[in-house]
Student: 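Below are the structure tokens for one structure; questions will follow.
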Amino acid sequence: MSSELRANLIALNTIVTREVRRFTRIWPQTLLPPAITMALYFVIFGNLIGRQIGDMGGFSYMDYIVPGLIMMSVITNSYSNVVSSFFGSKFQRSVEELLVSPVSPHTILLGYTIGGVLRGLAVGVIVTLLSLFFTKLQVHHIGVTALVVLLTATVFSLGGFINAVYARNFDDISIIPTFVLTPLTYLGGVFYSINMLPQFWQTVSLANPILHMVNAFRYGILGVSDINIGVAIALMLLTTAILYAACIHLLVSGRGMRQ
């Protein structure tokens, strides 16, 4: 093993360890709130409203929305972890030392991305365990389930990184989650099947990337989906590659150093 590779592996381990310690150290702010929020969704939408709605797609309403709620928690937490962490480094000026070090830009990006993915997966596991108090989960396809949740967490971790690079103040890191992610998530088939919509709105909904992620994950859990699974996974792979290339370009150009 070359000295350069060894140095980058040490740097990667350091960044990932710091990211994990960061969100586990303040778990009442990072892990507990999404668990409480999702528990409220289970009670209000699943139990109370779900009884009035009845079955959907051949499953009880509670069973139907659980995969979407798990994905919602993964999306929001993987995104918020990276955007808050990298912007915090920019705000404290510590990121400049990292960017001028001999560490590869790929190592820096992978470190922050892995940290975001791990937080997203951690919250996803917590929400999944909570859902067992309300329903019984039977995974239809473990491979699809694992691949989709990993790709989704990666996509939104990379998206959070780009948001952090362009953010100028703390208000900027909340704009995308509030005005973009939240509407796309609620319109992404978490609480309903797009087959319930008129044909025009079904077609429009297909432009929502979160719809493909939610339905692909729902297929992995329940075996039902409103979209083509192969197309959904291909779109996630393509999006991951594009966002990764964009993040590397920002790091190499030094865009992330300017506050």
Side-chain angles (χ1 to χ4, degrees), residues 11-12 14-38 71-101 103-123 152-188 208-210 213 239-240 242-259:
L12 177 62
T14 301
I15 296 173
V16 172
T17 301
R18 183 192 65 187
E19 290 299 294
V20 172
R21 288 179 176 175
R22 173 180 172 272
F23 72 76
T24 54
R25 185 177 63 250
I26 54 173
W27 63 267
Q29 302 174 38
T30 56
L31 302 180
L32 185 59
I36 295 175
T37 301
M38 290 301 118
M71 287 304 288
M72 180 190 293
S73 65
V74 171
I75 288 170
T76 55
N77 284 276
S78 56
Y79 188 97
S80 62
N81 189 77
V82 178
V83 70
S84 61
S85 178
F86 191 76
F87 180 76
S89 297
K90 282 180 56 179
F91 185 78
Q92 298 169 359
R93 301 290 185 180
S94 60
V95 72
E96 297 179 2
E97 299 177 0
L98 182 62
L99 293 175
V100 298
S101 69
V103 177
S104 167
H106 295 278
T107 300
I108 298 173
L109 179 58
L110 284 174
Y112 279 97
T113 302
I114 292 173
V117 169
L118 290 177
R119 176 174 164 185
L121 294 180
V123 175
T152 300
T154 301
V155 165
F156 285 95
S157 293
L158 293 171
F161 189 91
I162 294 176
N163 188 178
V165 168
Y166 283 102
R168 288 283 183 252
N169 51 57
F170 284 100
D171 291 333
D172 290 343
I173 68 176
S174 64
I175 291 177
I176 299 298
T178 302
F179 296 103
V180 179
L181 291 187
T182 299
L184 288 180
T185 300
Y186 280 94
L187 296 174
N208 183 352
I210 295 180
M213 299 173 182
T239 303
T240 300
I242 293 173
L243 291 178
Y244 187 89
C247 291
I248 290 296
H249 172 71
L250 291 172
L251 282 173
V252 171
S253 64
R255 179 64 178 79
M257 294 178 62
R258 295 190 288 272
Q259 171 64 28

Student: Out of N81, V117, V82, I210, which residue meets the side chain to side chain contact (heavy atoms under 4.5 Å, CB included) rule with F156?
Tutor: I210
Student: In sequence, state the C-alpha distance, the side-chain angles, and the governing distance for R119 and S78, and then conclude on side-chain contact (heavy atoms from CB on, under 4.5 Å).
Tutor: CA-CA 6 Å; R119 176 174 164 185; S78 56; over 6 Å; no
Student: Do P177 and T182 come close enough that some side-chain heavy atom pair is under 4.5 Å?
Tutor: no
Student: Would you say I15 and R18 make side-chain contact, with heavy atoms under 4.5 Å?
Tutor: yes
Student: Quick check for you: to the nearest 0.5 Å, what is the distance between I108 atom CD1 and S101 atom OG?
Tutor: 5.5 Å
Student: If you round to the nearest 0.5 Å, how far is CD of Q92 from CD of E97?
Tutor: 11.0 Å
Student: With a 4.5 Å cut-off on side-chain heavy atoms, are S157 and Y79 touching?
Tutor: no
Student: May I ask you to test the F23-Q29 pair for a side-chain heavy-atom distance under 4.5 Å?
Tutor: no
Student: For the CE atom of M71 and the OG1 atom of T76, what is their distance to the nearest 0.5 Å?
Tutor: 10.5 Å
Student: Atom CG of L158 and atom CD1 of I242: how far apart are they, to the nearest 0.5 Å?
Tutor: 11.5 Å
Student: So which heavy atom on I162 is nearest to which on C247, and how close?
Tutor: CG1-SG, 3.5 Å
Student: What orientation do F161 and F86 show, parallel under 30°, tilted 30 to 60°, or perpendicular over 60°?
Tutor: tilted
Student: Under a 4.5 Å cut-off applied to non-hydrogen side-chain atoms, are T154 and T113 in contact?
Tutor: yes
Student: With the side chain counted from C-beta on, respond yes when V74 and V123 share a heavy-atom pair under 4.5 Å apart, and no when they do not.
Tutor: no
Student: Walk me through whether S84 and R22 qualify under side-chain hydrogen bond (donor to acceptor under 3.5 Å, both in side chains).
Tutor: CA-CA 11 Å; S84 61; R22 173 180 172 272; 2.7 Å; yes
Student: Is a donor from one side chain sitting under 3.5 angstrom from an acceptor on the other, for S89 and Y112?
Tutor: yes
Student: Looking at every non-hydrogen atom in both residues, tell me the closest pair between E19 and S85 and how far apart they are.
Tutor: OE2-OG, 2.7 Å
Student: Around atom CZ of R21, are there more than 12 heavy atoms from other residues, nucleotides or ligands closer than 6.0 Å?
Tutor: no
Student: Would you please test V155 and M213 for side-chain contact (heavy atoms from CB on, under 4.5 Å) and show each step?
Tutor: CA-CA 10 Å; V155 165; M213 299 173 182; 4.0 Å; yes
Student: State, to 0.1 Å, how close A167 and I173 come at their nearest heavy-atom pair, and which atoms those are.
Tutor: CB-CG2, 3.7 Å
Student: Where the side chain of S174 meets the backbone of D171, is there a donor-acceptor pair that is under 3.5 Å apart?
Tutor: yes
Student: Using the side chain to side chain contact (heavy atoms under 4.5 Å, CB included) definition, which of the options D172, V165, N163 pairs with V83?
Tutor: N163
Student: What's the spacing between L118 CG and I114 CD1 if we round to 0.5 Å?
Tutor: 7.0 Å
Student: Give a yes or no answer on whether the side chain of T24 reaches the backbone of V20 with a donor-acceptor pair at less than 3.5 Å.
Tutor: yes
Student: Kindly compute the distance separating CE (M72) from OG1 (T37), expressed to the nearest 0.5 Å.
Tutor: 10.0 Å
